[in-house]
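Here's the structure, in structure tokens; my notes come after.
Residue numbers run from 1 in the order of the sequence given. Start at 1 and go down the list; that is how both ligands and their atoms are numbered.
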Amino acid sequence: MLENQKKDSYKIAWLPGDGIGIEVLEATKIVLDKVKLNAELIHGDIGWEFWKTEGDALPQRTVDLLKNVDAAMFGAITSKPVKTAEEELVIELKGRGLIYRSPIVRMRQMFDLYTCLRPCKSYPGNPLNYKENIDLVVFRENTEDLYSGVEFNPVPQELVDILSKISKPFSAFSSLQTDEFAVSCKINTKRGSEKIIKAAFEFARKHNRKKVTIVHKANVVRATDGLFLDVAKEVAKNYPDIIFDEANVDAITMWLLKNPYNYDVLVAPNLYGDIISDLCAQMVGGLGFGCSGNIGERLAVFEPTHGSAPKYAGMYKVNPIATILAAKMMLDWLGETEKAQLIENATAAVIKEGKTRTYDMGGNASTLEIAEEIAKKI
Ligand code: IPM
Ligand code: MG
């Protein structure tokens, strides 16, 4: 389901998060205000600050807020690797074994936002376009795979014992001490794979797209990627009007660069989708243009693909277009397609005109100036 029923008014959770997340959401509000969406934007706490002060980057009050809104706009969060000095400090302070897990990953799993939709379009006149007329759409499975969170370091002896018993290739590791290796489980379900692959084919049909490419590594990762590919072949039978295509994840990174016009809709398990969506975003101007929707049946959370860029925080320098386009995606999802189109047209016009540009596009306009210029054109 990639679209909701239009309503008279909406409740939207407004989650700026950390670093430049705050600035790009401030810019996006300028544009949203201009299309006069009848919506209450409700602030929610999220991010590194709450990890440090409360031991939870996604506090329960924010989870409760998400249960009661139509959609959410999310800026960015700082996700640091585990075992930073700062985290150890927090663990010591709290006296309990807390492990930092990225709040956006948790939101995706908690609310079953199984579709990560990442359109990558080269808007005419963008000096950062790799090539003109690129129009790719990435469907990334958003809750499973190597993001399942089933990870061990050190590896419990029970797991070593059972793997030694049931897996031949595991003998290469079985003599290691439990702290000499780590295990991250890649878990893919038939149901999860089917949902994302169906979503991709449905989207292709609805938007008159010709081809869906399944991205995998089933020649090596036989169990999980094999399952994903098998499910895809089954699902594709219901869409004879759409070309079924498949590619290994390594090869497709080369082919995408060589000839992006060969591709249309791409669908991938979580981690490959994460990687290829950055590649596709770079072809249409980089992270300042990568917009993203985390979409479930009831809730959807929209965000720029980029992170919190701590080094630019507070400078109002970064490009807000990714977030403004994410807001456009949110309007589409809410069924507010006319307002969505207004935002996209105005954004495209500002890009094409080339007078107001942030530093990444060779200009010196601020984050908010871009938003004001887009708002002016609505
Ligand atoms: C993304 C990001 C996230 C991810 C990070 C911030 C956890 O890279 O949305 O693509 O890995 O999914
Ligand atoms: Mg990513």
Item to complete: State which residues pass side chain to side chain donor-acceptor pair (under 3.5 Å) with Glu372; sequence neighbours excluded, sorted by chain then number.
Response: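 Checked Glu372 against side chain to side chain donor-acceptor pair (under 3.5 Å); zero matches.
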
Fill in: Numbered atoms and elements of ligand 1 in range of Tyr147, under 4.0 angstrom, heavy atoms
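Those of ligand 1 that fall under 4.0 Å from Tyr147 are 4 (C), 11 (O), 12 (O).
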
Discussion item. With heavy-atom distances below 4.0 Å as the criterion, list the atoms of ligand 1 near Arg140.
Written reply: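 Once the distances to Arg140 are compared, the set is 1 (C), 4 (C), 9 (O), 10 (O), 11 (O), 12 (O).
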
Discussion item. Measuring centre to centre across the rings, with the benzene-like ring taken for any Trp, is Tyr312 within less than 6.0 Å of Tyr359?
Written reply: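 Yes, close enough.
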
Discussion item. Less than 6.0 angstrom separating the ring centers of Phe302 and Phe74, yes or no?
Written reply: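 Not close enough - the centres of the two rings lie 6.0 Å or further apart.
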
Worksheet item: Do the numbers put Lys186 on top of the ring of Tyr272, so that NZ or CZ is under 6.0 Å from the six-membered ring centre and no more than 45° off the axis?
Response: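 Because its charged atom sits under 6.0 Å from the ring centre and within 45° of the axis, Lys186 does stack over Tyr272.
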
Worksheet item: Is the cationic atom of Arg209 (NZ for Lys, CZ for Arg) positioned less than 6.0 Å from the six-membered ring centroid of Tyr263 and within 45 degrees of its normal?
Response: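 Cation-pi check for Arg209 and Tyr263: fails.
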
Worksheet item: Is there a donor-acceptor contact under 3.5 Å from the side chain of Ser122 to the main chain of Asn133?
Response: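 Yes: the side chain of Ser122 pairs with the backbone of Asn133.
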
Discussion item. Measuring from non-hydrogen atoms of Ser102 to any atom of ligand 1, is the shortest distance under 4.0 Å?
Written reply: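 True for this residue.
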
Item to complete: Classify the ring geometry between Phe181 and Phe170 as parallel (under 30°), tilted (30 to 60°) or perpendicular (over 60°).
Response: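 Ring orientation, 0 to 90° scale: tilted.
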
Discussion item. Suppose we screen for ring-ring contact (aromatic ring centres under 6.0 Å, His included). Which residues come up paired with Phe201, at least two apart in sequence or across chains?
Written reply: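 Listed in chain order: Tyr239.
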
Worksheet item: Which bit of His306 is near ligand 1, meaning a heavy atom under 4.0 Å away: side chain, backbone, both or neither?
Response: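 No part of His306 is near ligand 1 at this cut-off.
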
Practice prompt. Measure Arg118 to ligand 1 on non-hydrogen atoms and call it side chain, backbone, both or neither using the 4.0 Å cut-off.
Written response: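 Side chain only.
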
Worksheet entry | Option with minimal heavy-atom separation from atom 10 (O) of ligand 1, where the choices are Ile275, Asp274, Leu287 |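 The residue whose heavy atom sits nearest atom 10 (O) of ligand 1 is Asp274.
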
Worksheet item: Do you know how many protein N, O or S atoms are within a distance smaller than 2.8 Å of the Mg ion (ligand 2)?
Response: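 Excluding waters, the total comes to 1.
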
Worksheet entry | side chain to side chain contact (heavy atoms under 4.5 Å, CB included) partners for Ala76, two or more places apart |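 For Ala76 the side chain to side chain contact (heavy atoms under 4.5 Å, CB included) partners, ignoring immediate neighbours, are Ser308.
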
